[in-house]
Amino acid sequence: MQLDYLKDLNEKQSEAVQLQNESALILAGAGSGKTKVLTSRISWLIHNQIVSPNGILAVTFTNKAANEMLSRISTQLGMNPRGMWVGTFHGLCNRFLRLHYKETNLPQTFQILDSSDQLSAIKRLCKILQIDPDKITPKEIQYHINGSKENGMRAKDVKTYDAHTQKINEIYLEYEKQCQREGVADFGELLLRSYELLISNETLRTHYQNRFNYILVDEFQDTSELQYRWLKLLTGKNNIIFAVGDDDQSIYAFRGANVGNMQSLQHDFNIEKVIKLEQNYRSKNNILSAANEIIKNNEKRLGKDLWTASGDGDLIKVFRALSDSDEAQYILDEIKMWHRKGKLYQNIAILYRSNAQSRILEHSMVSNNIPYRVYGGLRFFERAEVKHALAYLRLIANKQDDNAFLRIVNFPKRGIGNRSLETLQDISKINNTSLWEAAKSSYKTPTSEKGISYFIDLIRKIEDEIQGLTLAESMDVVINFSGLKNHYMNDKDGQDRVSNLEELVSAATTFSENFNGEDKNLELTEFLNYTSLESGELQAKANQDALQLMTIHSAKGLEFDIVFITGLEEGLCPHEQCLIEADGLEEERRLMYVAVTRARENLYLTYAQSRLMYGQTQYNLSSRFLDEIPENLIKKINVIENPQIKQFNQPKQVTQSFSHSEYPYKIGSQVLHKKFGNGVVLSYEGSSNDLRVQVQFANAGTKWLALEFAKLEKL
DNA sequence: AGGCTCGTCATTTTT
DNA sequence: TGACGAGCCT
């Protein structure tokens, strides 16, 4: 019997879906139907009773991808398969640790620290350890801790070769103790602890190895060292791993992703044949060819070439703008044109390398009343007012949670100053107890609605009040009794925050509806986990038709009819920071590849000759990635219309209409620039009031500078 | 306790 | 340029 979900698969996809008894690496190019293959395979395994849902473990990187996978599988199978483990690495590890909290020595209600919670925990620790934040920054410590955990190392495993790192590592050791005492786990801890438990507990390891016979991994190129080791451990000798990924789309090395895992997988699991999905169902041929040509310049590749059965489509438009505002204006005009033709805004995206670039684009959209949505930025559960409200529940769930305690003890204000907090911290340090215990030990019946003792009464009162209430009702009690709602209602621009608090109550309602379980305490714990693990993209409503603005990184996995890639300038994209890093340029090129392959129909590449950065005008050369696209795929805009501007990307010539005596600095002479340092004058271009000079700097590369602005000194 | 000013520092980010 | 945090002043 031919199944519906197998019908639409091409030959390669079909081969991948129906692989028998062997581990596999699927090299899935952009737009090649990666998710389809992954979900179809799971449906195929279940439908043919090769394995029961219980035996399947599927891992993704984002909650969004996990949800997408689940919903597609239920559509394909016509039912909701129960018993599978599908989720993010962190979500699955959290689930595992909850089930085995005793074996791993955590309280059943342990709380999860997100990055900002982690940072405040570190800052708090530094204060106690009297670390000078000028010598060792909390960020630096956080980086060390997370990096070490990513590599599977506890403080005791880290080898240090200098006093500075030594000191940081000592703080890491103290941090581990602090987290253990407080019963909290950061993101890295979820993974590391799960891994360690599987290693040390043979019974558990054997149990899970016997259970999960089929392990599937999405976005495999983004796995870290520790994640790969965890997968390997679960797979053991007898299970089958099915990894889908694209080395050309590996853009997260900076946060621990290790593309090398793809080679390791082939080696460790004796994979002889890598299946390549190279047919692209997304983009027109011109766009795809450009992408192929760009990525060809990378040397470290497994190698693949995308092709499409769809037509060439329009040429890629390359626009050279005079300035960043000129660039924004051009994009605006084009978008208006498309919209007049009936294109929805939501099918158009503007991509940029760094967030700072969104400002001027946003400005241009606002002043022209074009609806837009900027991705990235604060998520719902990361908002201060939401975190405050949740901290009340966290403290109630776990009195050891000093982070939560400190967040709310004086918020809203209850006249508790630094002095009283320092006293409290001293007591807790001496007795080695939580702040809550310390506060209790010095409790005196409060005489007003102020002070630490009043705070204790307040928490107890809320605790009493929520007995027997639903989660949403409890949330409501917290918001009102704590004084949070009142506080924001009296704040003249607190309206949004009040509605976010109300939104939080609805979030709790929705959570309860989907929660199947009896235990009320467990429901609260799981809700709190949910708020830490799920950043709250779902809470973002905005279904209005809007233009999409985002960084290239956050565009990964998405697709749009029309895509503008902006700021294609040397120093910005590729970013100058990356040029110093090992393999930095190749990663930047993959970034460019990801950006280009987001487009279905039309692709615009824009760059500006001058750009305002950090309050200074910078003159950048066009990105080398533009030069990597063959001329026949490109239509250059703004070259003919403006005769003053020379041929695109041609080496700039000295303008002949000026005699050499008019140049303030002789060609070949040495000059000094305030920021770029020493340089040699190479050439000039432009007319007398817009005369520009090309200077090759010893340490800053070659740049075009406008004489009017550039403060050069003769040497 | 809260507001203000000054100084510093500017990729990319999910969990 | 502008956002954010530390520290100082009221």
Side-chain angles (χ1 to χ4, degrees), chain A residues 59-66 87-95 112-120 123 127 132-134 137-139 142-143 146 149-150 185-192 194 218-219 222-224 226-227 250-257 324 351-360 363 375-379 381-382 410-421 450 529-537 550-557 567 571-581 584 587-588 590-592 594-595 611-618:
Chain A
V59 206
T60 60
F61 273 85
T62 64
N63 292 299
K64 201 174 146 200
T88 61
F89 279 101
H90 295 87
L92 295 173
C93 286
N94 174 50
R95 184 169 174 183
I112 298 167
L113 301 184
D114 70 15
S115 319
S116 65
D117 295 332
Q118 184 190 35
L119 195 61
S120 37
K123 283 181 183 163
K127 213 165 239 171
D132 180 356
D134 290 332
T137 65
K139 277 256 169 68
Q142 187 178 33
Y143 183 80
N146 292 340
K149 288 188 179 181
E150 280 295 342
D186 59 44
F187 288 136
E189 186 69 24
L190 294 175
L191 297 174
L192 183 52
S194 302
D218 190 16
E219 305 276 18
D222 288 340
T223 47
S224 69
L226 179 60
Q227 286 162 343
S250 159
I251 54 173
Y252 284 111
F254 70 91
R255 68 170 198 220
D324 44 1
L351 310 183
Y352 35 81
R353 173 67 237 262
S354 62
N355 286 304
Q357 288 168 254
S358 78
R359 180 181 303 276
I360 188 154
H363 176 77
Y375 282 74
L378 265 198
R379 303 260 180 23
F381 291 121
E382 291 167 358
N410 194 35
F411 194 92
K413 295 275 176 276
R414 303 186 178 92
I416 301 165
N418 276 337
R419 234 173 325 126
S420 21
L421 281 182
K450 290 210 176 305
N529 293 326
Y530 166 80
T531 62
S532 308
L533 288 173
E534 173 93 46
S535 43
E537 199 73 65
M550 66 193 84
T551 63
I552 302 175
H553 280 93
S554 30
K556 183 162 159 240
L572 246 186
C573 186
H575 198 280
E576 56 187 345
Q577 296 276 328
C578 295
L579 302 175
I580 16 176
E581 290 164 18
E587 176 135 330
E588 291 292 291
R590 290 192 291 267
L591 204 49
M592 181 68 187
V594 167
R611 182 177 295 277
L612 205 56
M613 287 184 87
Y614 310 140
Q616 279 199 318
T617 309
Q618 293 216 343

Would you say the side chain of A:Ser554 and the base of B:dT13 hold a donor-acceptor pair, judged only by whether the two atoms sit under 3.5 Å apart?
no

Between C:dA3 and B:dT12, how many Å separate the two P atoms, rounded to a whole number?
15 Å

Using a strict cut-off of less than 4.0 Å between a Lys/Arg side-chain nitrogen and an Asp/Glu carboxylate oxygen, indicate whether A:Lys556 and A:Asp222 qualify as a salt bridge.
yes

Do the non-hydrogen side-chain atoms of A:Arg590 and A:Ser250 ever get within less than 4.5 Å of each other?
yes

What is the distance, to the nearest angstrom, from the CD atom on A:Glu150 to the C1' atom on B:dT15?
10 Å

How would nucleotides 5-10 of chain C be written as a contact map, 5' to 3', with B for base contact, S for sugar-phosphate-only contact and - for no contact, using protein heavy atoms under 4.0 Å?
------

Please pick, from B:dT13, B:dT15, B:dA10, the nucleotide with the shortest atom-to-atom distance to any side-chain atom of A:Ser115.
B:dT15

Quick one: does A:Leu533's side chain get under 4.5 Å of A:Thr88's, heavy atoms only?
no

Check for a donor-acceptor pair, side chain of A:Glu150 on one end and backbone N or O of A:Gly188 on the other, with a separation under 3.5 Å.
no

Per A:Asn410 side chain, nearest of listed nucleotides B:dT11, B:dT15, B:dA1:
B:dA1

Under 3.5 Å, is there a donor-acceptor pair between the side chain of A:Arg353 and the main chain of A:Leu572?
no

Mind telling me if B:dT11 is syn or anti? Syn here is a glycosidic angle within 90° of 0.
syn

Measuring from the side chain of A:Thr88 (C-beta onward, heavy atoms only), which nucleotide among B:dT15, C:dT1, B:dT13 has the closest atom?
B:dT15

Categorize A:Gly188 for me: base, sugar-phosphate, or nothing, with a 4.0 angstrom heavy-atom threshold over every strand shown.
nothing

Base, sugar-phosphate, or nothing: which does A:Phe61 touch, judged by heavy atoms less than 4.0 Å apart?
sugar-phosphate

Determine if A:Tyr252 stacks with B:dT13; use a centre-to-centre distance below 5.5 Å and an interplanar angle below 30° as the criteria.
no

When the distance from CE of A:Met592 to C1' of B:dT12 is rounded to whole Å, what number comes out?
16 Å

Closest listed nucleotide, where the reference is the side chain of A:His575 and the choices are B:dT14, C:dA3, B:dT11
B:dT11

Minimum-distance nucleotide to A:Arg359 side chain [options: B:dT12, C:dA3, B:dT15]:
C:dA3

Would you kindly give the CG-to-P distance between A:Leu378 and B:dT14, to the nearest whole Å?
12 Å

Just call it for A:Ile416: base, sugar-phosphate, or nothing, with non-hydrogen atoms closer than 4.0 Å on any strand.
sugar-phosphate

Does a side-chain N or O from A:Asn63 land closer than 4.0 Å to OP1 or OP2 of B:dT14, or not?
no

If you find the nucleotide of DNA chain B closest to A:Thr62 and the one closest to A:Glu581, which residue's nucleotide is nearer the 5' end?
A:Glu581

Assign A:Asp186 to base, sugar-phosphate, or nothing according to its heavy-atom contacts below 4.0 angstrom with the strands shown.
nothing

